[in-house]
K.L.:
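This is the structure I have questions about; it appears just below.
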Amino acid sequence: MKNNPLPRLDTCCDLRSHLLPHCRLQVGEIWHDPEGKHRVGCLDATDAAVVAALVGDSSATLAIQDPPYNLVAFERRAIEDYLDWSRRWVRATYDILAENASFYVWLGADQNDGFQPLADFMVLMRDEPFSPRSFITMRNQRGYGTQKNWMAVRQELLYYIKGDPHFNVDAEYTDIPKILRGYYKDVNGVITENLERGKAATIRAGNVWVDIQQVFYRMEENVSGCYAQKPLKSVERIIRASSNEDDVIVDFFAHSGSTLLAAEILGRRCVTADVDPLFCEITIRRLERYRRTGKRGWQNSHPFEKEIPELPTPNGTGAPMQPPRDLSQATLFG
Ligand SMILES: C[S@@+](CC[C@H](N)C(=O)[O-])C[C@H]1O[C@@H](n2cnc3c(N)ncnc32)[C@H](O)[C@@H]1O
């Protein structure tokens, strides 16, 4: 068994210059899936013209966007600049979506800084043509900042719509068994309680998700080198509820390619992008590896194993490098 984790690839300059020549895409280029299902573009999500060119005449019914959160872990800007930037990618997304479509956005709230950018983004969205539908919270298992505060374990997900898209109400049941009796109701003159009336033995997913494991290095779906990977289960939940087979889904902040892979697994088509050629390459390799082996990530290995079979050990000690902490969470909750 190997334990060969990559450090965070967006900031590790030496490694970046070593790996960039192995990336198939440069900024402005598009990878076309040889099986004809998906597309990956290396582009800036705020550039409406290149986004439109990438999507072409595909009619996308679902967008799942996970932009950098304007927190210490990412490039941090003044909130006004962050909002201008957000407005640009929100509009670029709106323009390419079908008349009836769903729009999901993952975003963080910095509790040490006025809960930006989540609060500001929600206000910004009031002036955009999307309508708000739900405010979902996903519970992480590990938290931060617990000494003088509540342990911070939440991940926020906003759900908006354009027009009147379908919502597959029965698509998503959790693994959580129904145990609470009660909620009596008269059905055709017979008093029944909810366990008798229910169609399933488990509860439906509401807008608080407590049953999804945060990705960490021991999981099969882990993609070493990525610092902000969303669990496939969360993406699959969104896709099942808000799309049908063969629908086109977009995600312009691909990173580890979770949306692309979930789309492949669930028989949807995905048009995805990232501004960083390294993450575009990882996204493509993750799909190729899944098709070749059925594996969803690189547990105990990493996407560039061919190019760098052994990573240098810290200070030449021979000790393996520590797996990177989930920095998006660490700094999100400070
Ligand atoms: C929070 S991560 C997305 C995580 C992803 N949902 C996953 O599960 O792996 C944000 C990604 O957005 C990319 N990014 C940042 N600015 C961008 C831009 N202007 N256009 C496109 N991608 C951008 C970053 O390179 C990073 O990979």
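Each ligand, and each atom within it, is numbered from 1 in the order the structure gives.
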K.L.:
With only distance considered, is K230 within less than 3.5 Å of ligand 1 through an N or O on each side?
P.N.:
yes
K.L.:
Is there a donor-acceptor contact under 3.5 Å linking the side chains of D211 and T174?
P.N.:
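Side chains of D211 and T174: no pair found under 3.5 Å.
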K.L.:
Taking the cut-offs as 6.0 angstrom to the six-membered ring centre and 45 degrees off its axis, would you call R77 and W85 a cation-pi pair?
P.N.:
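Positive - R77 is close enough to the ring of W85 and near enough to its axis.
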K.L.:
For Q229, counting its heavy atoms only, list the atoms of ligand 1 lying under 4.0 Å from any of them.
P.N.:
7 (C), 8 (O), 9 (O)
K.L.:
Among F252, Y227, F279, which one puts a heavy atom closest to atom 21 (C) of ligand 1?
P.N.:
F252
K.L.:
Hey, is T259 touching ligand 1 through its side chain, its backbone, both or neither, going by heavy atoms under 4.0 Å?
P.N.:
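The answer is neither; T259 stays 4.0 Å or more away.
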K.L.:
Does this structure show an ion pair linking D246 with K37, if we count only N-O contacts that are shorter than 4.0 Å?
P.N.:
no
K.L.:
Side chains of T93 and Q65: donor-acceptor distance under 3.5 Å anywhere?
P.N.:
yes
K.L.:
Report yes if D251 has an N/O atom closer than 3.5 Å to an N/O atom of ligand 1; otherwise report no.
P.N.:
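There is no such contact.
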K.L.:
Could you tell me, atom by atom, which parts of ligand 1 come under 4.0 Å of a heavy atom of A45?
P.N.:
18 (C), 19 (N), 20 (N), 21 (C)
K.L.:
Going through the checks in order, is the side chain to side chain donor-acceptor pair (under 3.5 Å) test met by H18 and E307?
P.N.:
CA-CA 9 Å; H18 180 65; E307 290 80 7; over 6 Å; no
K.L.:
Is D276 paired with R16 through a side-chain N to carboxylate O contact shorter than 4.0 Å?
P.N.:
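Between D276 and R16 there is a salt bridge, with a charged N closer than 4.0 Å to a carboxylate O.
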K.L.:
Once you restrict to heavy atoms under 4.0 Å, what part of F253 touches ligand 1? Side chain, backbone, both or neither.
P.N.:
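Both the backbone and the side chain of F253 come within reach of ligand 1.
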K.L.:
Considering the heavy atoms of S258, write down every atom of ligand 1 situated less than 4.0 Å from one of them.
P.N.:
7 (C), 8 (O), 9 (O)
K.L.:
Are there over 12 heavy-atom neighbours, none belonging to D14, within less than 6.0 Å of that residue's CG?
P.N.:
no
K.L.:
Find all atoms of ligand 1 within a distance of less than 4.0 Å from any non-hydrogen atom belonging to D44, and give their numbers and elements.
P.N.:
18 (C), 19 (N), 20 (N)
K.L.:
When the ring planes of W209 and W106 are compared, do they come out parallel, tilted or perpendicular, using 30° and 60° as the limits?
P.N.:
perpendicular
K.L.:
Does the side chain of H255 pick up a donor-acceptor pair with the side chain of D66 at under 3.5 Å?
P.N.:
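No, because no side-chain N or O of H255 sits under 3.5 Å from a partner of the opposite role on D66.
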K.L.:
If we only count N/O pairs under 3.5 Å, is V275 in contact with ligand 1?
P.N.:
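It does: an N or O of V275 is found under 3.5 Å from an N or O of ligand 1.
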K.L.:
Check contact between D274 and ligand 1, using heavy atoms of the residue and a distance below 4.0 angstrom.
P.N.:
yes
K.L.:
Hey, which atoms in ligand 1 end up nearer than 4.0 Å to a heavy atom of S256?
P.N.:
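Those atoms are 7 (C), 8 (O), 9 (O).
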K.L.:
Please state which part of C226 comes within less than 4.0 Å of ligand 1, counting heavy atoms only: side chain, backbone, both or neither.
P.N.:
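Near ligand 1, C226 shows nothing, with every heavy atom at 4.0 Å or more.
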K.L.:
Below 4.0 angstrom from a heavy atom of L43, which ligand 1 atoms are there? Numbered from 1 as shown, please.
P.N.:
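So the atoms of ligand 1 that pass are 20 (N), 21 (C).
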K.L.:
Could you tell me which atoms of ligand 1, counted from 1 in the order shown, lie closer than 4.0 angstrom to a heavy atom of A254?
P.N.:
5 (C), 7 (C), 9 (O)
K.L.:
Under 6.0 Å from the CZ atom of R240, do we count more than 12 heavy atoms belonging to anything else shown?
P.N.:
yes
K.L.:
Any idea which atoms of ligand 1 are less than 4.0 Å away from a heavy-atom of W85?
P.N.:
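By the 4.0 Å cutoff, the relevant atoms are 16 (N), 19 (N).
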